[in-house]
Amino acid sequence: MATPETIRVEVVYALPERQMAVSLTVPHGMRVKDAIAQSGLLQRFPDIDLAQNRVGIFSRTVTLETDLNDGDRVEIYRSLTRDPKQARRELAKAGKTMGRT
């Protein structure tokens, strides 16, 4: 529960087969990188490299130094496993569309 000195945030990381979300109560002035570290996701997923992975808040790319606000959803983005344009070309060639198999 947030207090006048704290805020509530959520840190998420999605894999193709599942999504991990960690809710935190943190002090005002917490930065994105600190919330990610506190979430434990770096230990659970050693493939996360904050020097490489982009991060965002509600689908808007931000830096690791961005200050958090109450209710923010911090997202750790991963590299795509397939090029979306190539995937669409392959589906079109097979007579299919995105979202249908």
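None of the values given here were measured: they were computed from a predicted structure. Values below: all heavy atoms of this structure, side chains included; hydrogens, waters and symmetry mates excluded.
Annotation: side-chain hydrogen bond (donor to acceptor under 3.5 Å, both in side chains) contacts of Thr63 (sequence neighbours excluded): Thr66. Partners of Asp67 by salt bridge (charged side-chain N to carboxylate O under 4.0 Å, His left out), not counting sequence neighbours, listed by chain and number: Arg31. Listed by chain and number, the residues in a salt bridge (charged side-chain N to carboxylate O under 4.0 Å, His left out) with Arg54 amount to none (sequence neighbours excluded).
Both Leu50 and Val62 sit in one connected hydrophobic cluster of ILVMFWY residues. Membership requires side-chain heavy atoms under 4.5 Å apart, directly or through other members. Hydrophobic clustering of Ile, Leu, Val, Met, Phe, Trp and Tyr side chains at less than 4.5 Å, counting indirect connections, keeps Leu15 apart from Tyr77.
Between Val12 and Met20, every side-chain heavy-atom pair lies at or beyond the 4.5 Å cut-off. Leu68 places a side-chain heavy atom less than 4.5 Å from the side chain of Ile57. A heavy-atom distance below 4.5 Å is found between the side chains of Tyr13 and Arg78. Using a 4.5 Å heavy-atom cutoff, the side chains of Pro27 and Glu5 are not in contact.
The backbone N or O of Val74 lies less than 3.5 Å from no partner atom in the side chain of Asp72, so there is not a single donor-acceptor pair. Between the side chain of Asp70 and the main chain of Ile7, no donor-acceptor pair closer than 3.5 Å is present.
Residue pairs meeting the ring pair (Phe, Tyr, Trp, His ring centres under 6.0 Å) criterion with at least one partner in residues 14-33, sequence neighbours excluded, do not occur; the list is empty. Evaluation of the ring pair (Phe, Tyr, Trp, His ring centres under 6.0 Å) test over residues 52-75, restricted to residues two or more places apart or in two chains, returns none.
In this structure, Glu75 and Ser59 approach most closely via the heavy-atom pair OE1-N, 2.7 Å.
Taken from CZ in Arg60 to CZ in Arg73, the straight-line distance is 14.5 Å, to the nearest 0.5 Å.
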Donor-acceptor pairs under 3.5 angstrom involving side-chain atoms of residues 33-46: please list them, not counting sequence neighbours.
from	atom 1	to	atom 2	distance (Å)
Lys33	NZ	Glu65	OE2	2.9
Ser39	OG	Ile36	O	2.6
Ser39	OG	Leu41	N	3.2

